[in-house]
Structures are given as structure tokens and as C-alpha cells.
> 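Take this structure, written in C-alpha cells, and hold onto it; I'll ask about it next.
First listed ligand is number 1; within each ligand, the first listed atom is number 1. One is the number of the first residue; the rest follow in order along the sequence.
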Amino acid sequence: AYFPVFTLFSGLLIWFGVVRRRVEGALRQSRDVLKAEVEQRRALNAELAKRSDELQATNKELEAFAYSVSHDLRAPVRHIAGFTELLQKHSDAVLDDKSRHQISMILDSAKRMGRLVDDLLAFSRIGRAEAQKTTVHLEPLMKGVVDEIAPDMKGRKIVWHIGNLPICYGDPAMLRLVFGNLVSNAVKFTRTCLQAEIEISSVNHTSDEVVVFVKDNGVGFDMKYKDKLFGVFQRLHSQEAFEGTGIGLATVQRIVQGHGGRVWAEASVNNGATFYVALPKAGRVNA
Ligand SMILES: Nc1ncnc2c1ncn2[C@@H]1O[C@H](COP(=O)(O)OP(=O)(O)O)[C@@H](O)[C@H]1O
Ligand SMILES: [Mg+2]
């Protein structure tokens, strides 16, 4: 009885040995695969970090470029406008109508260029400014914005609906710029309405962000061009119909994105526009 038990036992041992070696082999193999994968990921991460650094450097360079270009263009543009104005005054008597018209065209263009350059400079300053973030009560902020814009609207019929507005986390001066731009656009693009209606309220809060909107019943725009809206100098309406430089929404987007938020619009032609701004909620860190 001893012999078969011994054979059985040693057989089992051999069998265990074989199985163990197989399992060990398989484990070693998957460990090697994992190791290779980890290596690959590490390399990818390093590559991504490098690219991100490069992008940041390029961005900084572009920003510095926009800043110095707009800064340095100011003086010559002022000179063109200033001397054209002098020329207009002094040679008015000796010029014919055609030349007078041409001079006034030069002056208009120089003035417009001056406004574009000023706006571009203000825009690039925003990118350079450090945001001073704190808890912001949007309700008094918005009242301030509306109180500043509304008195200039003599001769216009505007009905304001201002709902409850939340508290968020951000730079109060910059957020004032954001809503100042959105509200003045709402006022501008409702100019053709007999009665303008502008609603400012909030929707759909999530646990970490608040969403505020500015809605008007004005001329609206074609949603086909919704991605153009936020570009520098991009405008969907003609200068003749609605004046402007097209830097407002670029400023809005830059500030909102700098706050870790989002901005988007919904509109249709002749049926009003709504601009939404999502901002981080008060108290969220690293926002
Ligand atoms: N409330 C609005 N209703 C309709 N179109 C708008 C509205 N706000 C902005 N837009 C469109 O987006 C363009 C860009 O806006 P913005 O950057 O503020 O430039 P600006 O006010 O100088 O024209 C505007 O020229 C207009 O075509
Ligand atoms: Mg504007």
C-alpha cells in the first residue's frame, strides 16, 4: 500500500511543478506585457507634456506679439487720423467735392483702425492680467452692469427681466466685463425692435457650476456661424447696420475660459439670441 501512495504523491508533485512553471511563465509574460505598456504610456505622457509646454510657449509668444503690435500701432494710427483732420480743416476751401469726400473716407478709416487697435490692445491686456478670484455675487454685479448701460438708452423701449442670480467664483472686474459685453450686445442687437425684451437669469446648476444667460428678442443670427462669433474681429452683422469692432465676444470667451468655464449661444435669424455662461461655483478650489 506504501508504494502506490508514494507514486501517487510524487506524481502529484511533478504535476504541481509543471503547472506551477506554466503559471509562472504566463505570469512573467503578462508582467512583461504590462511593463512594456507602462513604458509606452510613460513615453506618451512625456511627449504630451512636451507638446503642452511647446503650445504654451507659442501661445505666450503670440500674445506678446499681439500686445506689442497693437501697442506700437497706436501712435502711427493716431498720427494719420490727427493729420488728416488738420488737412481737412485747412484745405477745405481749396478742395473739390471729390477730394473732400476722399479725405473724409481716410479719416473714417483711420478712426476705425484706431478703435480696432485700442480694442485689440485691451484684449491682449486681459490675457496678461492675473485674475484676482474670490466669491462673486452675480446679482449685484449684474445690477451694476444694467444700471451703467440702461441710462444711455433714452428713446429706446427696453423691458428688463432680471431673475435670481447665483454666487460663483471668479474675478469680479473681469466678470463685469463679460456681462457688460453680453448685455450691451443684447441692447445693441435689439435696436430694431419696437420693444426690446432682455432677460437675465440662471438655469440648470450642477454641483460644481452655475449657468447664467442673457437673452434678447433682437435680430439674432444664423446658427451656421455660431463658431465664428467668439473670434477676434469676427462679426455677423454689417458695420452699417450695427457698429462694433468684434472684440467683445472674444474677450468674453477668453475671460470665461480663463475661469475654467464655458460660453455658448443659441439664436435664430430675427428671433433673438441667448448667450449662456457656465462658471465654477463658489468655493471650488483650483478653479
Ligand atoms: N445678442 C446678439 N444678437 C445677435 N447677434 C449678436 C449678439 N451678440 C453678438 N452677436 C453677433 O456676434 C458678433 C460679435 O460680437 P462682439 O464680439 O460683441 O462684437 P461687436 O459687438 O463689436 O459687433 C456681432 O457683431 C454680432 O454679429
Ligand atoms: Mg459687442
> Does a side-chain N-to-carboxylate-O contact under 4.0 Å join Arg51 and Glu47?
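Looking at Arg51 and Glu47, the cut-off is met.
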
> Considering all heavy atoms of both residues, which atom of Arg235 and which atom of Phe242 are nearest to each other, and what is their separation?
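Smallest heavy-atom distance, with atoms named: NH2-O, 2.7 Å.
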
> Using the side-chain contact (heavy atoms from CB on, under 4.5 Å) definition, which of the options Leu138, Thr134, Leu177 pairs with Pro172?
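Only one of Leu138, Thr134, Leu177 forms a side-chain contact (heavy atoms from CB on, under 4.5 Å) with Pro172, namely Thr134.
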
> Please state whether the separation between the Mg ion (ligand 2) and some N/O/S atom of Asn185 is under 2.8 Å?
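So Asn185 does bind the Mg ion (ligand 2) by this criterion.
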
> Testing Glu197, Glu199, Lys215 one by one against His161 for a side chain to side chain donor-acceptor pair (under 3.5 Å), which residue passes?
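The side chain to side chain donor-acceptor pair (under 3.5 Å) with His161 is passed solely by Glu197 among Glu197, Glu199, Lys215.
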
> For a distance cut-off of 3.5 Å, show me each N or O of ligand 1 paired with any protein N or O, plus the separation.
residue  : atom   : partner : partner atom : Å
ligand 1 : 1 (N)  : Asp216  : OD2          : 2.8
ligand 1 : 8 (N)  : Asn185  : ND2          : 3.4
ligand 1 : 17 (O) : Gly248  : N            : 3.1
ligand 1 : 17 (O) : Leu249  : N            : 2.8
ligand 1 : 18 (O) : Asn185  : OD1          : 3.2
ligand 1 : 18 (O) : Asn185  : ND2          : 2.8
ligand 1 : 19 (O) : Gly246  : N            : 3.4
ligand 1 : 21 (O) : Asn185  : OD1          : 3.0
ligand 1 : 21 (O) : Lys188  : NZ           : 2.8
ligand 1 : 22 (O) : Thr245  : N            : 2.9
ligand 1 : 22 (O) : Gly246  : N            : 2.8
ligand 1 : 23 (O) : Arg235  : NE           : 2.8
ligand 1 : 23 (O) : Arg235  : NH2          : 2.9
ligand 1 : 25 (O) : Arg235  : NE           : 3.4
ligand 1 : 27 (O) : Leu236  : N            : 2.8
ligand 1 : 27 (O) : His237  : N            : 3.3
ligand 1 : 27 (O) : His237  : ND1          : 2.6

> Would you call Asp118 and Arg78 a salt bridge, taking side-chain N to carboxylate O under 4.0 Å as the test?
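Salt bridge between Asp118 and Arg78, a charged N being under 4.0 Å from a carboxylate O: yes.
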
> Once rounded to the nearest 0.5 Å, what's the spacing between atom CD of Glu139 and atom CG of Leu165?
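Answer for the CD-CG pair, Glu139 versus Leu165, is 5.0 Å.
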
